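Have a look at the structure that comes next, please.
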2 protein chains.
Amino acid sequence: MAVFLSTYVNKVDRKGRVSIPAQFRQSLAKTSAPSTVYLWPSLNHQALEGADQDYLDVLSESLESPDLDADERDMIETFIFGKLIPVSSDAEGRIVLPKELAEFAGITEEAAFIGRRKTFQIWEPDALKAHEAALREQVVRKDISLSQIVAKASRGAASRSGEGA
Amino acid sequence: MAVFLSTYVNKVDRKGRVSIPAQFRQSLAKTSAPSTVYLWPSLNHQALEGADQDYLDVLSESLESPDLDADERDMIETFIFGKLIPVSSDAEGRIVLPKELAEFAGITEEAAFIGRRKTFQIWEPDALKAHEAALREQVVRKDISLSQIVAKASRGAASRSGEGA
DNA sequence: TGGGCATTCTTGGGATAGCATGGGACGGCA
DNA sequence: TGCCGTCCCATGCTATCCCAAGAATGCCCA
């Protein structure tokens, strides 16, 4: 599965095309469908989410899980798969941002690609800045630190696999 | 089996014809009966459900399962198979929406096709918007996020296959 | 260490093919 | 014989493909 990192800002031309950052393309090259990315509107932000075929397969599989209640499944099927748009890149590595998605995210002239490991997001650059500022403010206020998070997560994993269950 | 994604809004002409979205047709092309889709009224919404031959076969088979109680089986047989209408597409990839189905869903001038992986739905566009708005409100209220659901599902899968049982 | 060269990436525009949509004609059924 | 459904053909639009060039980066050599 592709891994997406860093942030890149590219231009959107009159036809709604954007270059996928070269680094992302290199990641995509290793997946089962290198020239196809899947885009959908984020559930939680005014931004777009993107992923490769392999990630979608995992997601699709997790929908079969009996742990999900009917509401959640319906929601995902409507909001993710119903909104999901497979976009194939041209020979130059560009994709066309579907109109409704570009509008949803408020993207007109530039698009910011943010790597989020298994997925990435596409933001309107100014909206991204605002979002980042808000997040940073929270970090300071809650006094969050990286080492703390790692410690917390690994402690949780230990209790689940070892003592628990 | 065909996979249906994205949402497409197409016009219904005076004769009641609608183009099946090209993407859906491409999916259908791989199935055992490419030019036939099956339509029936949704159990839960004022909308239509659609699927290909292969999906119906699977559904039919699952009715044989002893895990299903008589009520459920009766319900499916009455409301799905009893209402099912096979519709064949013309050379241009259009289908004629059966009158009673169009009326049931309130479809007159436009029809919104929404992909739901193995099946799809056909809505009257305004009704769909209302439905989505209601769903989105739930997403916000329950504070649902995609990664959360994936995590939940995969954790469940792990405990079922590995530690549990 | 600095400059020049080559490659890759991003961006732009034009041409072509496919799709959605509309109307008309033919054939079958009532 | 009239009506309805199906098939066929035509067209405008949109999206896709193809070709081209500027810019930035990294590499190599002097």
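Keep in mind that the numbers below use all heavy atoms, side chains included, and drop hydrogens, waters and symmetry copies. Please read all numbers here as calculations on a predicted model, not as lab measurements. Order of the sequence lines fixes the chain letters, A, B, ..., with proteins taken first and strands second; residue numbering starts at 1 for each chain.
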Exercise. Between C:dA20 atom P and B:D13 atom CG, what is the distance in whole Å?
Worked result: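 Atom-to-atom, B:D13 to C:dA20, this comes out as 14 Å.
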For this session: May I have the distance from A:E110 (atom CD) to C:dT11 (atom C1'), rounded to whole angstrom?
Result: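 It works out to 12 Å between those atoms.
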Taking only N/O atoms, report every protein-nucleotides 6-9 of chain C pair under 3.5 Å with atom names and distance.
none

Exercise. Going by distance alone, is a donor N or O of one side chain under 3.5 Å from an acceptor N or O of the other, for A:N44 and B:S145?
Worked result: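 No pair is found: no donor N or O on one side chain lies under 3.5 Å from an acceptor on the other.
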Problem set entry | Whole angstrom value for the distance that separates P of D:dC7 from CD1 of B:I95 |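 Atom CD1 in B:I95 sits about 14 Å away from atom P in D:dC7.
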Exercise. Do B:R73 and B:E77 meet the salt-bridge criterion of a basic N to acidic O distance under 4.0 Å?
Worked result: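 No, no charged N to carboxylate O under 4.0 Å.
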Problem set entry | Taking every non-hydrogen atom, the tightest pair across B:N10 and B:I20 |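 For B:N10 versus B:I20, the nearest heavy atoms are ND2-C, 4.3 Å.
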For this session: Could you tell me the separation between the CZ atom of B:R14 and the C1' atom of C:dT21, rounded to a whole number of Å?
Result: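 Interatomic distance, CZ of B:R14 to C1' of C:dT21: 12 Å.
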For this session: Sugar-phosphate atoms are those with a prime plus P, OP1 and OP2; base atoms are the rest. Using that split, label each nucleotide of nucleotides 9-17 of chain D B, S or - for protein heavy atoms under 4.0 Å, 5' to 3'.
Result: B------BB
For this session: Please work out whether the ring planes of B:F120 and B:F24 are parallel, tilted or perpendicular, with thresholds of 30° and 60°.
Result: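 Rings of B:F120 and B:F24: tilted, 30 to 60°.
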Problem set entry | Name of the residue among A:Q121, A:K83, A:R116 meeting side chain to side chain donor-acceptor pair (under 3.5 Å) with A:E49 |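 For A:E49, the side chain to side chain donor-acceptor pair (under 3.5 Å) check succeeds only for A:Q121.
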For this session: Output all residues satisfying side-chain hydrogen bond (donor to acceptor under 3.5 Å, both in side chains) with A:T31, sequence neighbours left out; order by chain, then residue number.
Result: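 Expected list: none.
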For this session: Take atom CD of A:E109 and atom C1' of C:dG12, then tell me their distance rounded to the nearest Å.
Result: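 A:E109 atom CD is separated from C:dG12 atom C1' by 15 Å.
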For this session: Test B:E132 against B:R136 for salt bridge (Lys or Arg N to Asp or Glu O under 4.0 Å), laying out the working first.
Result: CA-CA 6 Å; B:E132 283 180 350; B:R136 182 164 283 278; over 6 Å; no
For this session: Before accepting this row, confirm whether a basic side-chain N of the pair B:E124/B:K129 lies closer than 4.0 Å to the acidic partner's carboxylate O.
Result: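 No, this pair does not count.
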For this session: Whole angstrom is fine here: how far is it from CG in B:L97 over to P in C:dT21?
Result: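 Taking atom P of C:dT21 as the reference, CG of B:L97 is at 12 Å.
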